[in-house]
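I have placed the structure first, in the form of structure tokens, so that the comments after it can refer back to it.
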Amino acid sequence: MTALMSKPSSMKKLQAEIRRLAGNKALIDEHDIEKLPYLRAVAKETLRLYPPGPLLLPRETTDKCSVNGYEIEGGTMVYINAWAVARDPTRWEDAEEFLPERFLETKSVDVRGQSPEVIPFGFGRRGCPGTGMGMAKIELALANVVYKFDWELPPESKDVDFVARTGLAMHKKNALRLVPNLVL
Ligand code: HEM
């Protein structure tokens with residue numbers, strides 16, 4: 001919602017896609033989700049820029065190894081900076097921009113641990129086993145939040161605040177406060 005509030009064109013596009021499909025339904029359900037490609041692209045782009053676990057879970061090397069000329073002893077704890085990987089300007093065009101469209105254009109890059117350039121759920125044997133459920137929950141919740149409501153900043157807020165709190169999981173430091181307007 002933070003990213004969408006700062007990019008009204010993406011919010012409008014998302015709402016148009018959902019409202020076109022939903023007609024007069026009371027709620028968006030799981031069966032609708034697969035027919036909403038822009039919603040999925042928004043979820044992926046959000047996980048690219050704001051991975052909830054930016055450093056994944058720590059790993060430990062079993063043996064001595066060498067990575068890009070760095071000698072790493074066996075038994076070393078290693079953190080993978082998934083946040084930085086997904087913003088690498090050599091891998092991503094306009095890396096800092098919130099552009100859900102990039103995931104519509106390329107079908108070969110996905111967030112589920114198959115593409116090394118974006119790994120919000122980690123990868124490999126210790127990758128997140130809740131990936132499917134995590135994606136479905138984000139998509140379902142977001143779709144319903146923006147389906148029947150238009151959202152605006154309260155008069156006292158001038159800008160959308162992106163400040164994150166420090167910690168192993170990414171949180172907003174200050175809550176996003178928005179005013180809902182029911183769309184009939
Ligand atoms: C958007 C939602 C979610 C995100 C972004 C997320 C992200 C992650 C990440 C980054 C890891 C570490 C993977 C690695 O180091 O390679 C992880 C591990 C894990 N996640 Fe998730 N997760 C999400 C949802 C869920 C859900 C819904 C469940 C369970 C229902 C779940 C259960 C787990 C478990 C059990 C592990 C540890 C796996 C292991 O160490 O073998 N996650 N998750």
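All ligand and atom numbering here is 1-based and tracks the order in the structure. Heavy-atom basis, side chains included; hydrogens, waters and symmetry copies ignored. As the structure is a prediction and not an experimental result, all values here were calculated from the model.
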Do Arg177 and Glu156 sit within salt-bridge range, that is, some charged N less than 4.0 Å from a carboxylate O? no
Ranked by distance from atom 30 (C) of ligand 1, the top protein heavy atom is Met133 SD, 3.7 Å
To the nearest 0.5 Å, how far apart are OG in Ser108 and CD in Gln114? 12.0 Å
Tell me whether the count of non-hydrogen atoms from other residues, nucleotides or ligands lying under 6.0 Å of CD in Glu93 goes above 12. no
Protein residue, atom and distance nearest to atom 12 (C) of ligand 1, heavy-atom basis: Leu57 CG, 3.6 Å
Atoms of ligand 1 less than 4.0 Å from Pro52 heavy atoms? 5 (C)
Applying the side-chain contact (heavy atoms from CB on, under 4.5 Å) criterion to Trp83, which one of Asn81, Ile80, Val85 satisfies it? Asn81
In this structure, would Leu182 and Val146 fall into the same cluster of hydrophobic residues linked by side-chain contacts under 4.5 Å? yes
Have a look at ligand 1 and work out which part of Ile138, if any, has a heavy atom under 4.0 Å from it: side chain, backbone, both or neither. side chain
Counting non-hydrogen protein atoms only, what is the nearest one to atom 41 (O) of ligand 1? Give residue, atom name and distance. Arg126 NE, 2.7 Å
Between Glu45 and Glu97 the two heavy atoms that sit nearest each other are OE2-O, 3.0 Å
Looking at residues at least two apart in the chain, or sitting in another chain, which of them share a salt bridge (Lys or Arg N to Asp or Glu O under 4.0 Å) with Asp150? Arg19
Hey, which atoms in ligand 1 end up nearer than 4.0 Å to a heavy atom of Leu56? 10 (C), 15 (O)
Listed pairs under 3.5 Å, donor-acceptor, residues 125-141 side chains, sequence neighbours left out:
unit_1	atom_1	unit_2	atom_2	d
Thr131	OG1	Cys128	O	2.8
Glu139	OE1	Arg40	NH2	2.9
Glu139	OE2	Arg40	NE	2.8

Any idea which part of Met135 is under 4.0 Å from ligand 1, heavy-atom wise: side chain, backbone, both or neither? neither
Distance-only donor-acceptor pairs under 3.5 Å for side chains of residues 68-78, two or more places apart:
unit_1	atom_1	unit_2	atom_2	d
Thr76	OG1	Glu73	O	2.6

Test Met1 against every option in Val160, Val145, Thr46 by the side-chain contact (heavy atoms from CB on, under 4.5 Å) rule and name the one that passes. Val145
Could you check whether any heavy atom of Arg59 sits closer than 4.0 Å to an atom of ligand 1, since that is the contact criterion I want to use? yes
State whether the shortest distance between N or O atoms of Phe123 and N or O atoms of ligand 1 falls below 3.5 angstrom. yes
Presence of salt bridge, Asp32 and Lys25, under 4.0 angstrom: yes
I need the nearest protein heavy-atom contact for atom 7 (C) of ligand 1: residue, atom name and distance, please. Pro120 O, 3.5 Å
Checked atom 21 (Fe) of ligand 1: protein N, O or S atoms closer than 2.8 Å come out as Cys128 SG
